[in-house]
Amino acid sequence: MKKIGILFGMENTFPYALIEHINELTGKKGIIAEPVLIGKVNHSDPTEYDVIIDRISHEVPFYRAYLKNAALHGTAVINNPFWWSADEKFFNNCLAAKLGIPVPKTVLLPSKERPDDTSETTFRNLKFPMEWEEMFSHIGFPAYMKPHAGGGWRSIYRVTGIDDLWAKHESTGQLVMMLQEEIEFTDYFRCYCVDQKHVHIMPYEPRNPRHLRYATQPASSGPSLKKLLKKIEEYTLTINKALGYDFNAVEFAVKDGVPYAIDLCNPSPDADSYSVGSENFTWVVDQVAKMAIERAKNVKPGVNNCTWGTFLQNSITPSDIAKVAGKKVTARTKTAASKK
């Protein structure tokens, strides 16, 4: 019997609906879904799960360590815990720009407070004073200041000028922040992406209270809306294939018909039925369930079954592959690797 485990925290609607739907689709014949239960974690022991859908390890380091060990022993973890640990929002913006996806102008700001156990000498490579006027002129005001990593709409500030920025920066502590151009949007969309193949585009109003953010309709219509949604789907697939996320949400703000990627990294996206609405909830439960079942069917024991994005895959040369495998690099090896 193959097992699909759901690792979650405070959530109620999505995890249990997902478990129920997976078991309905499989009839509990050959594949079964259940909440993950963790006891002793020994570095040399595999888990009992063929697939684990991770909804909480970004908040619990113990779970993240457990998932990395599980992945090393062959569990297909959704999303890849190694990449998720390395990823952050400023890099996502940098990568998106390289991929030709429009993003707001963005600059990185040093933290207000030095990290623990550091001193002024630790920062001898940091230019002082920095080119503040040049940076602020490039971004313009009003702008948004937000953490360069993390999520959940935490520690995000709209700043109206330099004095306002410094006043709000005082409360950011050791957070590394980024300053981002404000996009005065006419439309805003949030997109689920599942298995790097399926995209569900949802009109979204981030300025509404949380429970009403999906209760909106696009301002665009007709052929222009159809063209816009096609481009948003293309950008969503491009970024998820590059990052290697099996389950992610991407947000776009539309200005003058151009969709700007505002938030590209939500690997544990909101999927609560009370906030996303019944139609969106039904879609995401069904698609994630089907992906998990397919992954369980195809998992190969004892090998790495996690998804790796094209950004990393394209960085590995045939000679790197051969070295890891302990093989001599030949023309045939290069040809075979280049076809993968």
Side-chain angles (χ1 to χ4, degrees), residues 57-61 64 83-98 101-185 188 190 204-210 213 239 243 248-255 258-270:
S57 76
H58 57 291
E59 295 182 357
V60 185
R64 183 62 60 85
W83 176 246
W84 194 349
S85 293
D87 194 22
E88 43 87 62
K89 293 184 182 298
F90 182 72
F91 169 75
N92 292 160
N93 266 53
C94 301
L95 180 60
K98 282 283 188 181
I101 298 172
V103 293
K105 291 180 288 187
T106 307
V107 294
L108 195 63
L109 305 178
S111 59
K112 167 61 182 175
E113 298 175 5
R114 292 194 299 265
D116 295 337
D117 300 320
T118 64
S119 67
E120 289 186 11
T121 307
T122 309
F123 290 87
R124 69 177 73 193
N125 297 104
L126 190 64
K127 190 173 183 179
F128 182 83
M130 296 189 74
E131 303 91 333
W132 299 117
E133 290 186 10
E134 183 180 334
M135 293 162 64
F136 298 154
S137 176
H138 172 66
I139 299 299
F141 291 104
Y144 282 91
M145 183 171 61
K146 59 181 74 172
H148 89 299
W153 292 80
R154 291 185 287 266
S155 301
I156 296 179
Y157 305 89
R158 185 176 186 268
V159 293
T160 57
I162 297 175
D163 290 341
D164 187 35
L165 183 149
W166 291 134
K168 290 171 179 173
H169 194 251
E170 286 286 331
S171 64
T172 59
Q174 295 182 11
L175 291 174
V176 175
M177 307 296 284
M178 59 186 192
L179 185 65
Q180 194 167 76
E181 169 192 15
E182 180 180 59
I183 301 296
E184 295 182 356
F185 59 86
Y188 200 101
R190 199 163 202 261
Y204 188 76
E205 178 47 84
R207 295 168 294 198
N208 281 350
R210 182 181 177 87
R213 288 178 182 170
I239 194 66
L243 294 172
N248 189 24
V250 183
E251 296 178 14
F252 293 89
V254 181
K255 179 181 179 181
V258 177
Y260 290 84
I262 299 295
D263 191 354
L264 303 104
C265 175
N266 293 282
S268 181
D270 177 20

Completion exercise
Rounding to 0.5 Å, atoms CD (Glu131) and NE2 (His138) come to a distance of 12.5 Å
Exercise for the section: Using distance alone, with no hydrogens and no angle criterion, decide if Ser171 and Tyr157 have a side-chain donor and acceptor under 3.5 Å apart. Expected result: yes
Handout entry: Check: Pro110 and Phe128 side chains under 4.5 Å, non-hydrogen atoms
Key = no
Practice task
I would like to know whether Leu95 and Leu264 meet side-chain contact (heavy atoms from CB on, under 4.5 Å); could you show each step before the answer?
Solution key: CA-CA 10 Å; Leu95 180 60; Leu264 303 104; over 6 Å; no
Exercise for the section: Answer whether the closest heavy-atom distance between the side chains of Val103 and Cys94 falls below 4.5 Å. Expected result: no
Exercise for the section: Could you check Arg213, Arg207, Glu205, Glu251 and say which one makes a side chain to side chain donor-acceptor pair (under 3.5 Å) with Tyr188? Expected result: Glu251
Practice task
Decide yes or no for Phe91 and Cys265: does some side-chain heavy atom of the first lie under 4.5 Å from some side-chain heavy atom of the second?
Solution key: no
Practice task
Decide whether Thr122 and Arg114 meet the rule of one side-chain donor and one side-chain acceptor closer than 3.5 Å.
Solution key: no
Exercise for the section: With the side chain counted from C-beta on, respond yes when Phe141 and Leu165 share a heavy-atom pair under 4.5 Å apart, and no when they do not. Expected result: yes
Exercise for the section: Enter the distance from Lys105:NZ to Ile183:CD1 here, rounded to the nearest 0.5 Å. Expected result: 8.5 Å
Exercise for the section: State, yes or no, whether a side-chain contact exists between Lys89 and Asn266 at a heavy-atom distance under 4.5 Å. Expected result: yes
Exercise for the section: May I ask you to say whether Asp270 pairs ionically with Arg190, meaning some side-chain N is under 4.0 Å from a carboxylate O? Expected result: no
Problem - Leu243 backbone acceptor or donor facing Trp83 side chain under 3.5 Å - result: yes
Practice task
Check the pair Leu109, Met145 against side-chain contact (heavy atoms from CB on, under 4.5 Å), reporting the backbone distance first and the verdict last.
Solution key: CA-CA 9 Å; Leu109 305 178; Met145 183 171 61; 4.0 Å; yes
Problem - Parallel, tilted or perpendicular: rings of His169 and Trp166 (30°, 60°) - result: perpendicular
Practice task
For atom NZ of Lys112, decide whether the heavy atoms of other residues, nucleotides or ligands shown that lie under 6.0 angstrom number more than 12.
Solution key: no
